[in-house]
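Note sheet for the following structure.
Remember, it's 1-based here, ligands and their atoms both numbered in the order they're listed. We count residues from 1, following the sequence as given.
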Amino acid sequence: MHEISLLENVLEILEENAKSQGFKQVKKVCLEIGMLSCVEPDALRFGFDVVMKNTLAENAVLEIKQTQGLGTCKHCGQTVPLETLHDPCIVCGSPGVVVTQGNEMKIKDLIVI
Ligand SMILES: [Zn+2]
């Protein structure tokens with residue numbers, strides 16, 4: 001399941017931050033997930049408790065914020081909303097919309113002690 005490897009990446013980042021910033025425990029993790037990233041929020045929630053067990057983020061609360069897909073049309077230059085990675089431009093109908101937002105996952109916020 002690809003959500004598990006994403007969560008393992010998140011855990012690595014948390015551990016590095018814990019070292020550099022000197023915190024011991026994570027209370028809350030706020031993740032921002034693009035709608036185009038093919039990540040299932042439910043699968044993330046389910047995997048979170050498993051991956052974070054016996055780590056500094058055990059019992060942390062996971063908050064997921066989804067960001068809409070956006071792209072710029074190569075043909076007409078408009079910024080258009082995208083529901084999938086390969087949607088055509090809704091303004092001029094041409095394919096070739098370059099995704100500018102919505103296929104990333106990042107840690108937006110952390111609450112630590
Ligand atoms: Zn267009």
Side-chain angles (χ1 to χ4, degrees):
M1 198 160 74
H2 110 124
E3 280 79 7
I4 294 293
S5 57
L6 281 175
L7 287 164
E8 283 167 348
N9 282 344
V10 169
L11 178 59
E12 251 171 60
I13 295 168
L14 294 181
E15 284 172 342
E16 277 166 26
N17 283 355
K19 257 182 233 157
S20 62
Q21 295 171 29
F23 59 81
K24 299 253 179 291
Q25 210 185 326
V26 178
K27 296 295 279 178
K28 186 172 171 184
V29 181
C30 184
L31 291 181
E32 195 172 86
I33 298 162
M35 298 275 208
L36 306 177
S37 64
C38 303
V39 175
E40 284 293 330
D42 286 346
L44 268 189
R45 283 199 186 88
F46 178 77
F48 187 78
D49 290 341
V50 177
V51 173
M52 301 306 162
K53 194 161 173 57
N54 300 319
T55 72
L56 76 172
E58 185 167 23
N59 301 324
V61 176
L62 176 65
E63 191 177 293
I64 296 173
K65 183 174 177 278
Q66 285 192 291
T67 53
Q68 203 202 359
L70 279 182
T72 304
C73 176
K74 279 195 274 193
H75 185 71
C76 69
Q78 293 286 325
T79 297
V80 294
L82 291 174
E83 277 179 13
T84 74
L85 280 175
H86 305 291
D87 273 0
C89 173
I90 57 160
V91 178
C92 70
S94 84
V97 177
V98 180
V99 176
T100 54
Q101 179 193 295
N103 61 355
E104 68 284 296
M105 188 193 83
K106 60 185 176 193
I107 300 174
K108 192 147 192 331
D109 210 5
L110 275 184
I111 296 176
V112 299
I113 35 177

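Counting heavy atoms from C-beta outward, Leu82 and Ile90 have side chains that stay 4.5 Å or more apart.
The shortest heavy-atom contact between Pro88 and Gly93 is CB-O, 3.8 Å.
Checked by atom type and distance alone, the side chain of Glu3 pairs as donor or acceptor with a backbone atom of Glu40 at under 3.5 Å. Thr72 places no side-chain N or O within 3.5 Å of a backbone atom of Val98 that could act as its donor or acceptor partner.
Following chains of ILVMFWY side-chain contacts shorter than 4.5 Å, one can reach Met105 starting from Phe48, so the two form part of one hydrophobic cluster.
Listed by chain and residue number, the protein N/O/S atoms under 2.8 Å of the Zn ion (ligand 1) are Cys73 SG, Cys76 SG, Cys89 SG, Cys92 SG, with waters left out.
A 6.0 Å sphere centred on CD of Glu83 holds no more than 12 heavy atoms belonging to other residues, nucleotides or ligands.
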